[in-house]
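These notes are about the structure you will find just below.
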Amino acid sequence: MLTVTDAVVRYGTIEALHGISFDVQQGEIVALLGANGAGKSTTLRMVSGLHAPASGSIIYEGRDITKVKAHEFVSMGISHVPEGRRVFPQMTVEENLEMGAFRRSGPLRDDIEEIYVQFPILKERRKQPGVNLSGGEQQMLAIGRALMSKPRLLLLDEPSMGLAPMIVETIFSIIGQIRDAGTTVFVVEQNATQALRLADRGYVMENGRIVFGDTAKNLLTDPRVRAVYLGESVEGE
Amino acid sequence: MGFEHFWLSGFDQIHTAFWTYLAVGLQNGAVYAMIAVGYTLVYGVLGLINFAHGEVFMCGGFAGVFLTRDILGDRTGTGWGSVALVLAGIAIGALVSALVAIGVEQAAYRPLRRRHAPKLAFLISAIGASYFLQTLAGKEFGYGVNIFPGQVFEPGQVMFTLFGTTIHTITVVSIIAAIVMLVVADRIVRATRLGRGIRAVSQDAETSSLMGVNIDRTITITFILGGALAGAAGFLYSLQSGMVQNAGTEIGIYAFTAAVLGGIGNLRGAALGGLFIGLFGSFSVPFAFEGNVQWTEIYTFLILVLVLIIRPTGILGERSGRTA
Ligand SMILES: Nc1ncnc2c1ncn2[C@@H]1O[C@H](COP(=O)(O)OP(=O)(O)OP(=O)(O)O)[C@@H](O)[C@H]1O
Ligand SMILES: [Mg+2]
């Protein structure tokens with residue numbers, strides 16, 4: 001579904017990605033793991049057109065999208081939930097959801113109700129401005145907003161960041177449901193254990209390179225992963 | 001004598017000429033409000049003050065007066081005829097200023113945005129655009145104050161007489177046109193898809209592009225909206241003051257003040273701020289020492305400072321300094 005080949009991304013003169021290659025197949029959940037500053041967000045931003053690669057190619061559904069502008073991605077079925085949730089602070093929950101369907105025409109009522117079924121708390125808060133929501137609620141809103149565009153590929157940047165364990169559970173189970181409903185998911189996470197339990201495959205990034213990739217099952221038992229990224233949970237198990 | 005007498009005589013003058021002060025205040029307020037909306041909307045989407053906006057306003061004055069005369073020929077009107085003339089001037093002023101605003105955005109801002117230039121570069125670029133427009137207008141139409149070409153759009157055109165008082169076309173049309181245009185602008189921003197795009201870009205430009213909002217297009221639309229209102233205001237101001245001038249900075253500063261007073265980034269705040277500054281300026285004229293009307297400017301800016309001390313984000317502003 002998505003194939004990235006030798007992608008290089010620069011911020012000015014700094015090279016943040018030194019030629020990375022990976023792919024995501026239809027129907028999968030693929031996790032991208034790595035320490036702070038490894039280049040995970042940069043990778044997602046590249047895939048959704050926010051930051052064009054200096055070289056390399058991005059093929060999505062058989063089409064070269066390397067030069068497509070960010071605002072056209074959503075119409076192609078790619079939806080990106082950015083790091084830090086980024087809900088529109090002065091818009092209500094419902095207006096935020098409507099923004100997710102900005103490029104679609106026609107009535108949105110049924111779709112909004114569907115999101116409310118998935119995230120009941122959003123219905124309770126539908127008249128509240130985004131800025132008033134808790135972190136968990138904002139994350140749900142950000143995901144709900146992304147789903148409003150009916151994506152075929154959902155990009156999630158650290159959906160569990162800064163959330164209480166119980167909320168993290170909820171978010172991850174929702175990500176599972178989203179995939180079961182037919183949307184392919186590419187998720188960046190620092191919460192490696194949980195991400196790998198959910199994912200089919202994973203890639204590990206270090207300093208702007210993808211150092212290895214494997215099935216999630218293999219990665220969970222891979223000593224390199226356990227030592228570096230699952231350090232805490234090794235003790236916990 | 002002294003202070004008490006000064007105050008009493010001020011209130012006395014207001015008492016005898018209340019309706020005149022009110023009309024002038026509303027007229028000026030309408031102009032300030034229409035310009036202020038442009039400052040506030042552009043601040044929303046770009047996170048910067050468009051210092052060339054005063055000249056966008058100025059262009060509306062020149063276009064509304066001269067172009068309308070070129071098209072319609074010299075004519076004066078009374079009654080509904082005068083209303084039609086003023087409306088034609090508003091339309092032409094708005095159109096030309098909207099085009100100028102697009103030009104300013106394309107020439108002065110867009111190239112800098114492409115290169116992620118720092119805010120200071122935008123400021124310098126805006127000052128350049130503003131001098132360019134001032135000088136161009138001066139070269140074409142003469143520098144400094146030009147007395148209005150009296151044949152057409154005579155400032156004193158009378159629309160009708162009410163209870164023995166003559167009502168000038170310009171007063172009525174200014175106020176009604178301002179209300180209509182401000183309400184339309186407010187509706188566009190609040191209740192249309194375009195407006196949702198503008199609000200989204202104002203709150204978080206990058207995320208709005210993830211939602212499918214075309215940022216460049218949205219910014220252009222914002223400049224068109226602000227430009228059209230400023231152009232209409234430019235024509236109305238020329239008509240009210242009976243002159244055209246190759247400068248928009250002075251009125252621009254008042255309107256900018258109105259936008260800040262109302263809460264920069266907030267459309268209704270800008271409209272309210274404009275109205276307030278217009279009325280306040282007018283009603284403070286009788287309190288000017290020795291009849292020197294420059295005191296009204298001092299009073300106005302004192303009020304601005306006071307309001308900002310009490311409410312740093314302006315009357316309706318919720319957030320300050322948050323850029324798009
Ligand atoms: N706008 C930017 N300008 C310059 N350098 C940047 C910019 N954004 C990111 N970088 C640099 O690129 C590298 C990768 O950053 P990125 O945000 O992709 O990391 P990350 O893996 O998402 O980290 P985190 O887990 O902290 O979110 C870092 O070295 C970072 O400093
Ligand atoms: Mg990141």
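Looking at A:Glu98, both its backbone and its side chain come within 4.5 Å of chain B, counting heavy atoms on both sides.
Contact annotation: the side chain of B:Leu210 never approaches that of A:Val74 to less than 4.5 Å [non-hydrogen atoms, C-beta and beyond]. In this structure, A:Arg86 and B:Asp204 have side chains that are in contact, with non-hydrogen atoms separated by less than 4.5 Å. Counting heavy atoms from C-beta outward, B:Glu206 and A:Arg45 have side chains that approach closer than 4.5 Å.
In A:Asn132, the CG atom is crowded: over 12 heavy atoms of neighbouring residues, nucleotides or ligands sit closer than 6.0 Å. Under a cut-off of 6.0 angstrom, the local environment of CZ in B:Arg193 is crowded, with over 12 non-hydrogen atoms contributed by other residues, nucleotides or ligands. Within a 6.0 Å sphere centred on CZ of A:Arg109, heavy atoms belonging to other residues, nucleotides or ligands number more than 12. By the neighbour-count criterion of 12 heavy atoms within 6.0 Å, atom OH of B:Tyr131 is sparsely surrounded, having that number or fewer from other residues, nucleotides or ligands. Annotation for B:Phe132: atom CZ does not count as buried by contact number, only 12 or fewer foreign heavy atoms lying within 6.0 Å.
Of all heavy-atom pairs between B:Ala200 and A:Met99, the closest is CB-CE, 3.4 Å.
Remark: B:Arg196 is not positioned above the aromatic ring of A:Phe102, lacking an NZ or CZ atom under 6.0 angstrom from the ring centre and at most 45 degrees off the axis.
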Apply the test side chain to side chain contact (heavy atoms under 4.5 Å, CB included) to residues A:Gln90 and B:Arg199: give CA-CA distance (whole Å), side-chain angles for both, the deciding distance (0.1 Å), then the verdict. CA-CA 9 Å; A:Gln90 314 293 335; B:Arg199 281 187 296 141; over 6 Å; no
Take A:Phe88 and B:Met211 through the test side chain to side chain contact (heavy atoms under 4.5 Å, CB included) and record every step on the way to the result. CA-CA 11 Å; A:Phe88 294 107; B:Met211 305 293 123; 4.0 Å; yes
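If you tally non-hydrogen atom pairs under 4.5 Å between each of A:Glu72, A:Lys69, A:His80 and chain B, the highest count goes to A:His80.
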